[in-house]
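Comments concern the structure below.
Predicted, not measured: the structure shown is a model, and the values here were computed from it. Hydrogens, waters and symmetry mates play no part in the numbers below; they use all other heavy atoms, side chains included. Every number for a ligand or one of its atoms is a count from 1 in the order of the listing.
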Amino acid sequence: MFPDSAISPAVKICGLTQEQQARDIIALGADALGINFWPKSKRYLPVEQAATWLPAVKDLTTLVAVMVNPEPALLDTLLKENLVHILQLHGDESPAEVQFLMDAGAQVIKALQVRDEHSLDQIGDYACETILLDAYNPGLYGGAGETFPWELAVLAQQRFPQKKIILSGGLTPGNVHEAVRRTHPVAVDVASGVESFPGIKDLVLVEEFILQAKQG
Ligand SMILES: O=C(O)c1ccccc1N[C@@H]1O[C@H](COP(=O)(O)O)[C@@H](O)[C@H]1O
């Protein structure tokens, strides 16, 4: 999903809850879709419900399970049923937990909240190649619709050139072009910036977001 070098970033649309929306958003050109399996998220979809339609779209896109400190049972279901391609971890998961999942064959994105340049120190602790940078929000694990200073994403890439950096946090159709121009991420990720209601995407906003993100 995330090539070493690309003219434009991959676009991940996060917090899908419905098969038809997934199909519509794939048709609009999204490269990856996120399904939120954290029960406290406004975009939560129970894995039993997701399992009824994820297999039907899995060959059409890259499916990403967004989680916060996931229970072993959830990880077991996702891995045994092969429901998604990638696990995206937004909680307090340790480098050892990430390594454990990678050893079990999972592709992992570790999400880190960025408050200042010291926040970037953790990037080197994680074995996974891809790191997602999100805004700092104590008490919240993601999906807050807030940006962080993008120069810290530039610094992250300079400090860890071997990592693939995904930019997220408060991206919208109105700011994503500038964000990409300034940070050159391998991918951008959005949840709240393209919604009409939590878990329901506004397809006009999604289309505009993809256009703006990918425009050179
Ligand atoms: O979307 C959520 O509700 C969510 C909850 C817990 C962890 C991550 C979540 N979403 C991810 O948060 C970032 C930023 O979202 P936003 O665009 O600022 O709304 C993004 O990576 C989502 O995948």
Side-chain angles (χ1 to χ4, degrees), residues 1-2 9-18 21-22 25 30-47 50 61-71 74-75 78 84-93 97-98 107-115 119 123 126 128 130-150 152-153 156 164-180 183 185-202 205-206 208-210 212-213:
M1 175 198 167
F2 309 121
V11 174
K12 172 171 169 272
I13 306 292
C14 202
L16 275 286
T17 57
Q18 300 174 347
Q21 283 230 313
I25 290 170
D31 301 287
L33 302 181
I35 315 300
N36 200 310
F37 293 111
W38 185 43
K40 291 185 181 160
S41 169
K42 293 184 277 190
R43 305 170 181 95
Y44 173 57
L45 187 65
V47 69
T61 190
T62 298
L63 292 175
V64 181
V66 175
M67 295 175 285
V68 174
N69 303 325
E71 296 291 335
L74 172 59
L75 292 168
L78 290 172
V84 297
H85 301 94
I86 303 179
L87 309 179
Q88 180 172 315
L89 303 174
H90 277 255
D92 314 300
E93 303 86 6
E97 286 168 301
V98 168
Q107 197 177 330
V108 177
I109 297 170
K110 179 69 185 104
L112 298 173
Q113 295 198 349
V114 180
R115 175 165 46 171
S119 317
I123 293 175
Y126 287 93
C128 53
T130 309
I131 298 288
L132 181 146
L133 300 179
D134 193 3
Y136 178 70
N137 265 298
L140 270 185
Y141 287 103
E146 287 175 22
T147 58
F148 67 92
W150 293 331
L152 293 173
K164 294 182 175 177
I165 302 292
I166 301 178
L167 185 72
S168 83
L171 296 177
T172 68
N175 69 11
V176 70
H177 180 65
E178 180 64 7
V180 168
T183 65
V186 73
V188 288
D189 188 4
V190 59
S192 48
V194 293
E195 277 179 341
S196 46
F197 188 77
I200 306 297
K201 300 302 171 195
D202 178 324
L205 292 180
V206 171
E208 186 60 15
F209 186 91
I210 295 170
Q212 292 295 331

Side chain or backbone, does Val68 bring an N or O within less than 3.5 Å of an N or O on ligand 1? no
The protein heavy atom nearest to atom 1 (O) of ligand 1 is Arg43 NH1, 2.8 Å
closest protein heavy atom to atom 3 (O) of ligand 1 is Ser41 OG, 2.7 Å
for atom 4 (C) of ligand 1, nearest protein heavy atom and its distance come out as Asn36 ND2, 3.2 Å
Practice problem: Tell me, please: is Met67 in heavy-atom contact with ligand 1, that is, under 4.0 Å? | Solution: no
Under 4.0 Å between heavy atoms, the region of Ala191 that gets near ligand 1 turns out to be both
For the 3.5 Å polar cut-off, considering only N or O atoms, please tell me whether Leu132 and ligand 1 meet it.
no
To atom 16 (P) of ligand 1, the nearest of Gly142, Gly34, Ser192 on a heavy-atom basis is Ser192
Could you tell me whether some N/O pair between Gly193 and ligand 1 is separated by less than 3.5 angstrom? no
Exercise. Can a non-hydrogen atom of Gly15 be found less than 4.0 Å from any atom of ligand 1?
Worked result: no
Next on the checklist: Tell me whether ligand 1 is touched by Lys40 - counting only heavy atoms on the residue side and a distance under 4.0 Å.
Outcome noted: no
**Message:** For the 3.5 Å polar cut-off, considering only N or O atoms, please tell me whether Lys42 and ligand 1 meet it.
**Reply:** no
Closest non-hydrogen contact found for Glu195 with Arg43 is OE2-NE, 2.5 Å
